[in-house]
Amino acid sequence: MYIGRIMHTDLITVAPETTLVEAKNVLEEKSIDHLLVVNKDKKLVGLVSDRDLKQYWASPATSLSTHELNYLLEKVVVSMIMVKTVVTVPTGTTIERAAFIMQQHRISSLPVMENDELVGIITSTDVMGVLLDAIGISDNSIRLGIFVDDTIGKLAELTVTLKDAGVNIQSLFCWPEKNHAGITQLVIRVASEDGSKAIAALNDNGFKVKDRYEKDITPFLPA
């Protein structure tokens, strides 16, 4: 999945000279958490988040009256507090790469560019939604974890086992076990009604299946 397919294109933007009061009103009216700051040439020059505004709002609040605070905030513009070094990505960025970039930079949104033009924005909520869809989580499925040696053919062996048992795999992903070199955990989801049949088939073919949290995973590791 590429972010060009799921990005928001109905962009809410403000000019650098927008006051903080105006910016706050826009965020509240549109029920969004980020404002793209665009100059008169329609170029992205900054980003302001709801968190940025709240932090600035709170900083002078203890020493000023409501009237004084409102007067001050009406004089401050977003260009004074916006993030000017904005992390952006092109439309061809994969959803998993976008998630990695957000985690790496500790940010919750990514403006999307195409040919040096701002064309969209994607948020951590969007990324999480797509990843949850990919995992296939639902109330009608069951999650099974199988630890295998990270060798050629193990995935094929597992899928053939379930195919022969008449079990459809709804989703599958894997990751290496950091504390156990050479071991990978395959996580699959199957229909709830197929759970017992899947576990029995896998166990019969030498796989050790974990279907719940286990503090000690040693008994489930391949011999």
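Worth saying up front: this structure is predicted, and the values here are computed from it rather than measured.
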Q.
side-chain contact (heavy atoms from CB on, under 4.5 Å), that's the test. Do Ile121 and Val112 meet it? Break it down for me.
A. CA-CA 5 Å; Ile121 188 171; Val112 185; 5.5 Å; no

(Q) Within the 4.5 Å heavy-atom criterion, are Leu118 and Met113 side-chain neighbours or not? (A) yes

Q: Supply the atom-to-atom distance Cys174 SG to Asp150 CG, rounded to the nearest 0.5 angstrom.
A: 8.0 Å

Q.
Quick one, Met7 and Val119 - any side-chain contact, counting heavy atoms below 4.5 Å?
A. yes

Q) In the single-linkage hydrophobic clustering (I, L, V, M, F, W, Y; side-chain heavy atoms under 4.5 Å), do Ile107 and Val78 co-cluster? A) no

Expected list for residues 87-106: side-chain donor-acceptor pairs under 3.5 angstrom, two or more places apart:
unit_1 : atom_1 : unit_2 : atom_2 : d
Thr91  : OG1    : Glu114 : OE2    : 3.4
Thr93  : OG1    : Pro90  : O      : 2.8
Thr94  : OG1    : Arg97  : N      : 3.2

Q) Is there a donor-acceptor pair closer than 3.5 Å between any side-chain N or O of Asn25 and the backbone N or O of Val21? A) yes

Check: residues 199-211 side-chain donor-acceptor pairs under 3.5 Å, at least two apart:
unit_1 : atom_1 : unit_2 : atom_2 : d
Asn203 : ND2    : Ile199 : O      : 3.3
Asn205 : ND2    : Ala201 : O      : 2.8
Lys208 : NZ     : Leu221 : O      : 3.3

Q | Ile6 reachable from Val127 in the ILVMFWY side-chain graph, under 4.5 Å edges | A | yes

Under 3.5 Å, sequence neighbours excluded: what are the donor-acceptor pairs made by side chains of residues 213-220?
unit_1 : atom_1 : unit_2 : atom_2 : d
Asp216 : OD1    : Thr218 : N      : 3.0
Asp216 : OD1    : Thr218 : OG1    : 2.7

Q) Got a donor-acceptor contact below 3.5 angstrom from the Thr184 side chain to the Pro176 backbone? A) no

Q) Under 4.5 Å between any side-chain heavy atoms of Thr125 and Met128, yes or no? A) no

Q. With hydrophobic residues grouped by side-chain heavy-atom distances under 4.5 Å, do Ile142 and Ile146 end up in a single group?
A. yes

Q. What residues form a ring pair (Phe, Tyr, Trp, His ring centres under 6.0 Å) with Phe173, not counting sequence neighbours?
A. Trp175

Q: Any chance you could measure Leu11, atom CG, to Thr9, atom OG1, to the nearest 0.5 Å?
A: 6.5 Å

(Q) Hydrophobic cluster membership, with links at side-chain heavy-atom distances under 4.5 Å among I/L/V/M/F/W/Y: are Ile169 and Val148 in one? (A) yes

Q: Compare every heavy atom of His8 with every heavy atom of Asp126, then report the nearest pair and how far apart it is.
A: OD2-NE2, 2.9 Å

Q.
Would the distance check show the side chain of Glu22 and the main-chain N or O of Thr19 forming a donor-acceptor pair, the cut-off being under 3.5 Å?
A. yes

Q. Measuring from Asn168:CG to Leu162:CG, what's the distance to the nearest 0.5 Å?
A. 9.5 Å

Q) Judged by atom type as modelled, is there a donor-acceptor pair below 3.5 Å linking the side chain of Ser141 to the main-chain atoms of Ala191? A) no

(Q) Suppose we screen for side chain to side chain donor-acceptor pair (under 3.5 Å). Which residues come up paired with Thr13, at least two apart in sequence or across chains? (A) none

(Q) Are Val86 and Leu27 connected into the same hydrophobic cluster when the rule is that any two of I, L, V, M, F, W, Y join if their side-chain heavy atoms are below 4.5 Å apart? (A) no

**Q.** Polar side-chain atom of Thr161 near backbone of Glu157 as donor-acceptor pair, under 3.5 Å
**A.** yes

Q) How many angstroms lie between CD1 in Ile122 and CD1 in Ile3, if you round to the nearest 0.5 Å? A) 5.0 Å

Q.
Nearest 0.5 Å, please: how far is CD in Glu28 from CG in Leu53?
A. 9.5 Å

Q: With rounding to the nearest 0.5 Å, note down the distance linking CE in Met1 to CG in Asp133.
A: 8.0 Å

Under 3.5 Å, sequence neighbours excluded: what are the donor-acceptor pairs made by side chains of residues 30-49?
unit_1 : atom_1 : unit_2 : atom_2 : d
His34  : NE2    : Ser108 : OG     : 3.0
Asn39  : OD1    : Asp41  : N      : 2.9
Asn39  : OD1    : Lys42  : N      : 3.2
Asn39  : OD1    : Lys43  : N      : 2.9
Lys43  : NZ     : Glu117 : OE2    : 2.9
Ser49  : OG     : Arg51  : N      : 3.4
Ser49  : OG     : Asp52  : N      : 3.0
Ser49  : OG     : Asp52  : OD1    : 3.4
Ser49  : OG     : Asp52  : OD2    : 3.0

